Amino acid sequence: MSRKIFIAGNWKMNTTLEEAVDLAKSVVQECKNRGDVEVAVCPPYVSLSAVAQVIKGSGVKLGAQDVHWEVSGAFTGKVSVAMLKSVGCEYVIIGHSEQRQYFGETDETVNKKVKAALAGGLKPIICVGELLSERENGFTEKVVEKQIVGAYKDLSKEDALKTVIAYEPVWAIGTGKTATPEQAEEVHLFIRKELEKLYDSDLSSKIIIQYGGSMNPKNAKELLAKENVDGGLIGGASLKGDQFKGVVIPQ
Ligand code: PEP
């Protein structure tokens, strides 16, 4: 089964409006010879609209970093699926470890957001991954299984087929420590087996599973060479066009 490689840049809380526009221009320019690779950028909310204008016609897709599950109303500070659609988003990152760690994200809220995103026509990039202590105590599979089962609770196969998973070991995010290609492959394969248990082998063979955690131009080729690593969710290395290109078109 051949799955498309999908690289998404998570700009996190970086870039002013002007910087975001410049970075988007650089991504478009640097990644223009990416062949069949799907590329998305996920800027802060305030820059989504401007970045959408820059990437128009380039094939680079737009994603947001989070979304609220309610349709509208008194939810100060939150942004809805319809709002993200209206500025041109195709993807939305849900359940990032920073949301889980600092902002009270749980498997239940991830599930609500995933359902809302799909109902409104956004494709969720669902993040899962274990803490260092959980890996060291042998709980990686238990943790990832719980996150996957929670995220996909009551989701039809038809909807589940529109999702992307990002396996992001928390100990590798922003730390410069990358999972080895073997460590990544092991968990990606485990996730695929979980999906097969929840749905079937047809679905599990089709879902894109990105790796995230200090992926950069130096380690991208080796990671992407693994059979079950179908792309990357990139933080630090997505903030410079040439670095991002080094992951999208690894040498
Ligand atoms: C991320 O935040 O999704 C991420 C993978 O960050 P970094 O690449 O900086 O580790």
Side-chain angles (χ1 to χ4, degrees), residues 5-15 19-20 23 26-27 30-31 37-45 47-48 51 61-67 89 91-103 105 110 113-114 117 123-132 134-135 140 143-144 147-148 151 163-181 183-185 187-188 191 208-224 226 228-250:
I5 295 288
F6 176 27
I7 310 287
N10 173 14
W11 297 359
K12 310 196 187 191
M13 198 173 75
N14 295 295
T15 67
E19 289 164 349
L23 179 52
S26 174
V27 168
E30 296 277 3
C31 298
V37 177
E38 170 102 337
V39 168
V41 290
C42 305
Y45 291 137
S47 300
L48 284 169
V51 169
K61 306 288 174 59
L62 191 65
Q65 298 174 21
D66 190 25
V67 68
C89 284
Y91 291 100
V92 59
I93 297 170
I94 295 177
H96 191 278
S97 66
E98 287 147 20
Q99 282 289 330
R100 293 180 191 260
Q101 239 177 317
Y102 308 132
F103 304 112
E105 187 90 277
V110 167
K113 291 176 181 182
V114 168
K123 296 178 198 157
I125 300 175
I126 302 168
C127 301
V128 299
E130 80 287 1
L131 304 170
L132 182 59
E134 291 166 339
R135 173 164 283 265
T140 299
V143 170
V144 171
Q147 291 170 336
I148 294 283
T163 64
V164 171
I165 294 175
Y167 167 58
E168 300 208 303
V170 181
W171 49 271
I173 297 180
T175 58
K177 281 187 205 153
T178 319
T180 63
Q183 284 173 321
E185 174 67 12
V187 182
H188 283 226
I191 292 171
I208 290 176
I209 307 178
Q210 300 174 319
Y211 167 79
S214 299
M215 195 165 173
N216 60 46
K218 289 204 178 94
N219 56 33
K221 196 169 185 171
E222 264 195 310
L223 284 158
L224 294 171
K226 288 294 178 191
N228 289 290
V229 178
D230 310 317
L233 182 55
I234 318 299
S238 71
L239 295 173
K240 294 231 161 69
D242 58 339
Q243 289 273 306
F244 192 55
K245 176 191 179 182
V247 178
V248 173
I249 314 168

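Order of appearance sets the numbers: ligands from 1, and atoms from 1 within every ligand. None of these values were measured; they are calculated from a predicted model. Values below: all heavy atoms of this structure, side chains included; hydrogens, waters and symmetry mates excluded.
One finds the CD1 atom of Ile126 at 12.5 Å from the CG atom of Leu233 (value rounded to the nearest 0.5 Å). Atom CD of Gln210 and atom CE of Met215 lie 9.0 Å apart (nearest 0.5 Å). Here the OH atom belonging to Tyr45 is positioned 13.0 Å from the CE atom belonging to Met13, to the nearest 0.5 angstrom. The distance from the OG1 atom of Thr178 to the CD1 atom of Ile173 is 11.5 Å, given to the nearest 0.5 Å. Distance check, rounded to the nearest 0.5 Å: CG of Asp66 to SG of Cys42 gives 11.5 Å. Atoms CG and CD, from Asn10 and Gln65 in turn, are 5.0 Å apart once rounded to the nearest 0.5 Å.
Distances below 4.0 Å separate heavy atoms of Gly213 from the following atoms of ligand 1: 5 (C), 10 (O). Of all the atoms in ligand 1, the ones that sit under 4.0 Å from a non-hydrogen atom of Ser214 are 7 (P), 8 (O), 10 (O). Taking a cut-off of under 4.0 Å to the non-hydrogen atoms of Leu233, the atoms of ligand 1 that pass are 3 (O), 5 (C). Interface of Gly212 with ligand 1, defined as ligand atoms under 4.0 Å from a residue heavy atom, comprises 5 (C).
Residue contacts with ligand 1 for Asn10 involve side-chain atoms from C-beta outward but no N, CA, C or O (heavy atoms, distance under 4.0 Å). Counting heavy atoms under 4.0 Å from ligand 1, residue Ala172 touches it through the backbone alone.
The shortest side-chain heavy-atom distance between Lys12 and Glu98 falls under the 4.5 Å cut-off. Residues Trp11 and Val51 have side chains in contact (heavy-atom distance under 4.5 Å, counting atoms from C-beta outward).
For atom 3 (O) of ligand 1, the closest non-hydrogen atom of the protein is Glu168 OE2, 2.7 Å. Counting protein heavy atoms only, atom 8 (O) of ligand 1 is closest to Gly235 N, 2.9 Å.
Polar contact check, His96 against ligand 1: a nitrogen or oxygen pair lies under 3.5 Å apart. Polar contact with ligand 1: present for Gly236 (N/O pair, distance under 3.5 Å).
For the ligand labelled ligand 1, residue Gly174 lies inside the 4.0 Å heavy-atom shell.
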